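A quick note: this is a predicted structure, and the numbers were derived from the prediction, not measured. FYI, side chains are in, hydrogens and waters are out, and symmetry mates aren't considered; it's all heavy atoms of this structure.
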Amino acid sequence: MSGQRREGRQQRERREPPPPGLLVVDKPAGWTSHDVVGRARRLVGTRKVGHAGTLDPMATGVLVLGVERATKLLGHLALDTKSYLATIRLGLATSTDDAEGEPLGEPVDTAHLAPDAVAAGIAALTGEIAQVPSSVSAIKVDGRRAYERARAGEEVRLEARPVTVGRFDVLAERAEGPYRDLDVLVDCSSGTYVRALARDLGAGLGVGGHLTALRRTRVGPFTLAHARTVEALAAEEEEHGRAALSLDLDDAVATAFPRRDADADEAADLSHGRPLTAAGAGGTVGVFGPDGHVVGLVADDRGAARPVLVLAPA
């Protein structure tokens with residue numbers, strides 16, 4: 001290691017840790033979620049970085065990272081709804097249901113597809129449906145990820161599971177040789193595979209289909225408006241010595257949960273892990289002290305608002 005690189009690493013190690021909060025990254029194509037975490041650790045100056053759910057390497061868009069104490073928050077975030085912009089290519093199925101896979105058969109001419117048939121196919125995949133996940137999903141089969149088995153040449157059979165597709169709209173349509181490309185907007189529940197929607201739409205129309213582009217625009221309450229590119233974060237780190245968070249801990253909790261303002265005694269009780277009086281609210285609530293800072297998360301249970309996570313311990 002050169003002297004300059006060693007000095008740079010030592011300077012980073014001597015830095016004070018960053019404040020806790022969330023870093024929302026606009027993930028670039030070709031990067032794994034783990035790649036983004038590794039880069040974020042260097043850019044914000046701490047090893048304590050984790051992600052709230054993965055995003056396929058081919059996909060771009062919203063990836064939520066927790067920094068320092070906010071890593072404990074990740075498992076409590078309501079990230080059960082997601083939005084995507086995607087491009088579906090009708091006319092060819094692939095081994096991975098996306099453009100990175102091997103073609104399954106020859107291209108099929110899609111010129112005969114009537115708009116009503118495409119609309120009916122999309123309608124059949126909208127609402128509460130049973131979806132077979134893609135064979136290259138991260139679901140574990142006998143202790144190994146499905147994609148590991150599929151890429152090793154094994155036949156992978158996954159069970160259908162219930163998912164909800166709240167919106168599946170065609171924004172634009174165009175012919176590309178024998179193919180029909182559809183730019184679509186999808187709002188769906190967590191666990192929905194957009195590549196499986198492409199596969200099933202093509203199969204239902206009898207022409208095959210796969211995904212050629214995928215961009216996640218929202219995860220729960222976090223959108224592209226919160227996100228910054230890796231390049232922008234790197235420029236910020238170069239200029240200021242550290243990339244700033246997207247949301248500090250207070251803003252993160254206020255964005256993700258209903259708010260409850262506590263008095264000094266209540267804040268002290270929660271900081272010691274003691275329950276508060278029931279709030280009468282369903283689900284998890286963020287509790288803020290008189291100083292405006294978050295103390296923790298609570299949820300009503302057995303007649304009291306019991307601690308789910310204490311973020312400002314006594």
Supply the atom-to-atom distance Arg195 CZ to Thr212 OG1, rounded to the nearest 0.5 angstrom. 12.0 Å
Counting C-beta onward and ignoring hydrogens, is there a side-chain heavy-atom pair between Val67 and Lys48 closer than 4.5 Å? no
Under a 4.5 Å side-chain heavy-atom rule over Ile, Leu, Val, Met, Phe, Trp and Tyr, are Leu171 and Leu201 clustered together? no
Run the side chain to side chain contact (heavy atoms under 4.5 Å, CB included) check on Val186 and Val165 step by step: do they pass? CA-CA 7 Å; Val186 176; Val165 179; 4.3 Å; yes
Report whether Phe222 and Tyr84 are members of the same hydrophobic cluster (ILVMFWY, side-chain heavy atoms less than 4.5 Å apart, transitive linking). no
Sorted by chain and number, sequence neighbours left out, salt bridge (Lys or Arg N to Asp or Glu O under 4.0 Å) with Asp80 holds for none
Rounded to the nearest 0.5 Å, what's the gap from CG on Leu245 to CD on Glu68? Could you check? 9.5 Å
May I ask you to check if Arg259 and Phe288 form a cation-pi contact, with NZ or CZ under 6.0 angstrom from the six-membered ring centre and within 45° of the axis? yes
Gap between atom CG of Leu65 and atom CG of Leu74 - 0.5 Å precision: 8.0 Å
Is the closest basic N to carboxylate O distance between Glu237 and Arg42 below 4.0 Å? no
Group every Ile, Leu, Val, Met, Phe, Trp and Tyr by side-chain heavy-atom contacts under 4.5 Å, then state whether Ile122 and Leu205 land in the same group. yes
Thinking salt bridges, do Asp300 and Arg306 make one under a 4.0 Å N-O criterion? no
Can you list the residues that meet the side chain to side chain contact (heavy atoms under 4.5 Å, CB included) rule with Pro103, with sequence neighbours excluded? Leu92
Pairwise distance CG(Leu63) to CG(Leu55) - rounded to 0.5 angstrom: 6.0 Å
Is it the case that the side chain of Asp35 and the backbone of Thr32 share a donor-acceptor pair, with hydrogens and angles ignored and the cut-off at 3.5 Å? yes
Should Leu73 and Leu249 count as side-chain neighbours, where that means a heavy-atom distance under 4.5 Å? yes
Same apolar cluster (I L V M F W Y, side chains within < 4.5 Å links), Val219/Val163: no
His210 NE2 to Ser95 OG distance, which is reported to the nearest 0.5 Å: 10.5 Å
Between CG on residue Leu85 and CG on residue Leu224, distance to nearest 0.5 Å: 8.0 Å
Side chain proximity check, Pro57 to Trp31, heavy atoms < 4.5 angstrom: no
Taking atom CZ as the centre, does Arg47 end up with more than 12 heavy-atom neighbours from other residues, nucleotides or ligands that are less than 6.0 angstrom away? no
State plainly whether the residues Arg199 and Asp97 are in salt-bridge range, i.e. N to O under 4.0 Å. yes
Inspect the contact between Glu236 and Arg242 and indicate whether a charged nitrogen and a carboxylate oxygen are less than 4.0 angstrom apart. no
Check whether the side chains of Thr81 and Arg218 place a donor and an acceptor atom closer than 3.5 Å, and report yes or no. yes
